[in-house]
Amino acid sequence: MDISIEIDPDYYDLQRDDYADTDFASCTSDEQQFESLEAGHLLCILLDAHTENPLFQAPVKDPKQILDIGTGRGNWAIDTADMFPNTTVRGVDLFPPPGDWLPPNCIMEVDDVLQEWTWRQPFDLIHILQLIGAFTPVEWDGLFSQCYNMSTDSSMVQFTEAVFRAGQEWDHPLDTLDTMRAAMEKAGFVDIHEKRYRWPVGPWARDPTLKEAGRLHYHQWTAGMEGWGMYLLTKFGVPTPWTKEEVQVLLAGVRKELQNPHVHMWQYARRVWGRKPMAEEDVKVKSEAVVIGDSGI
């Protein structure tokens, strides 16, 4: 399973006037307050302990993306990430949580949910707990409107989908990341291994190595995307080839998103390696194949 990338809170500009003052910061960091929030979290679990899922009652069975607003210490987000190991659970608060350990599929972010949301992936579930008195009525209306109107209408999503369709149109699919292991197995390689990565785009990660990798990946994207994007979309764009001007407009939107410190963009990468079978292994595989064929399976 991929290890989630921890976000560097210093990457944000927390000195803006619309952020809470330092008195509130000291209050939210108080250990006694966190104990109160944790007790409330456990209370909610206890009252629904007889149900299949005591963490939430929304009829969501196989979530891919979950957002926990006002995550605090992150208890709910952590428990939910443990329950759904294939789900990315994103906890957001004005200040970083005090703990150090997180499940690999749990991400903690520092952000102000009253500002315009910059998350581009759709959320299957948005969770809010113990935020009584946190916002004015107008702010609550704005928050729920953003929850309702959350969309994936970003330039990066449009660009990615467009070039993937163009690759299919050209019969040069861009999904090698997902198909190369099966292709190696088909060719006869054995003892195949793979290692998956999340490459950040931009220097937003806390880890120094990932931060530097993000800088390099950002330059890889910005230096290369116009060349191959222009080629694919002007020649093989779907349903018809794009004009150069259309590609440039979309690329301008992509660059703007990549430069936004609140857009934590990352990309999957994968190493796959294997070996040719030894002579005796090759004979065994062929014998087994004959037996399977004779059995009618």
Side-chain angles (χ1 to χ4, degrees), residues 4-30 33-34 37 63-77 80-81 88-99 102 106-159 200-206 211 214 218 250 252-266:
S4 298
I5 302 172
E6 187 178 4
I7 294 164
D8 181 1
D10 294 334
Y11 189 53
Y12 301 91
D13 177 13
L14 295 180
Q15 304 304 316
R16 300 183 322 194
D17 293 338
D18 49 3
Y19 273 92
D21 59 28
T22 54
D23 288 338
F24 181 73
S26 63
C27 175
T28 57
S29 298
D30 183 74
Q33 181 69 14
F34 279 124
L37 295 173
K64 302 302 181 186
Q65 297 281 343
I66 292 178
L67 178 66
D68 182 29
I69 294 176
T71 193
R73 179 175 270 169
N75 300 94
W76 186 90
T80 303
T88 298
V89 182
R90 208 174 285 270
V92 61
D93 211 316
L94 280 174
F95 302 96
L102 291 174
C106 186
I107 302 171
M108 293 296 170
E109 298 186 359
V110 178
D111 211 338
D112 183 354
V113 294
L114 297 182
Q115 304 301 310
E116 182 180 356
W117 288 10
T118 55
W119 296 295
R120 297 306 180 187
Q121 71 278 10
F123 290 111
D124 302 295
L125 176 68
I126 299 176
H127 175 261
I128 301 174
L129 178 66
Q130 302 188 89
L131 290 186
I132 295 174
F135 309 119
T136 68
V138 173
E139 290 170 340
W140 273 114
D141 289 345
L143 176 61
F144 281 118
S145 292
Q146 293 216 77
C147 292
Y148 185 84
N149 295 324
M150 182 67 188
S151 71
T152 59
D153 188 23
S154 79
S155 297
M156 178 60 80
V157 171
Q158 294 174 20
F159 179 72
V201 185
W204 52 264
R206 182 194 293 267
K211 184 181 290 291
Y218 171 83
L250 182 56
V254 174
R255 291 190 183 94
K256 184 177 180 180
E257 290 180 2
L258 288 174
Q259 293 168 357
N260 186 336
H262 291 281
V263 176
H264 309 132
M265 202 169 293
W266 51 265

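FYI, the numbering just counts along the sequence from 1. Heavy-atom basis, side chains included; hydrogens, waters and symmetry copies ignored.
- The shortest side-chain heavy-atom distance between Tyr148 and Phe144 does not fall under the 4.5 Å cut-off.
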Practice problem: Evaluate side-chain contact (heavy atoms from CB on, under 4.5 Å) for Val113 paired with Leu67, printing each intermediate quantity in order. | Solution: CA-CA 11 Å; Val113 294; Leu67 178 66; 5.8 Å; no

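- Scanning for side-chain contact (heavy atoms from CB on, under 4.5 Å) contacts around Glu139 gives Leu114, Phe135, Thr136, with sequence neighbours left out.
- For Thr71, the side-chain hydrogen bond (donor to acceptor under 3.5 Å, both in side chains) partners two or more places apart in sequence, or in a different chain, are Asp68.
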Quiz prompt | Intermediate values then yes/no, side-chain contact (heavy atoms from CB on, under 4.5 Å), Leu125 and Thr80 | solution = CA-CA 11 Å; Leu125 176 68; Thr80 303; 5.8 Å; no

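- Rounded to the nearest 0.5 angstrom, Gln65 CD and Ile107 CD1 are separated by 7.5 Å.
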Exercise. Test side-chain contact (heavy atoms from CB on, under 4.5 Å) on Thr88 and Phe123 and set out the steps.
Key: CA-CA 10 Å; Thr88 298; Phe123 290 111; over 6 Å; no

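- No donor-acceptor distance shorter than 3.5 angstrom exists from the side chain of Gln158 to the backbone of Val254, with no hydrogens or angles considered.
- Here the closest heavy-atom approach between residue Gly202 and residue Tyr218 is recorded as N-CB, 3.8 Å.
- In this structure, Asn260 CG and Arg255 CZ are separated by 16.0 Å, a value rounded to the nearest 0.5 Å.
- With hydrogens and angles ignored, the 3.5 Å screen pairs a side-chain donor or acceptor of Trp204 with a backbone N or O of Met265.
- Considering only heavy atoms from C-beta on, Val92 stays 4.5 Å or farther from Trp117 through its side chain.
- Taking CG of Asp111 as the start and CZ of Arg90 as the end, the distance is 10.5 Å to the nearest 0.5 Å.
- Residues satisfying the side-chain contact (heavy atoms from CB on, under 4.5 Å) test with Asp141, not counting sequence neighbours, are none.
- In this view, Lys256 satisfies the salt bridge (Lys or Arg N to Asp or Glu O under 4.0 Å) rule with no residue, not counting sequence neighbours.
- Scored by the ring pair (Phe, Tyr, Trp, His ring centres under 6.0 Å) test, Phe159 finds Trp228 as partners (sequence neighbours excluded).
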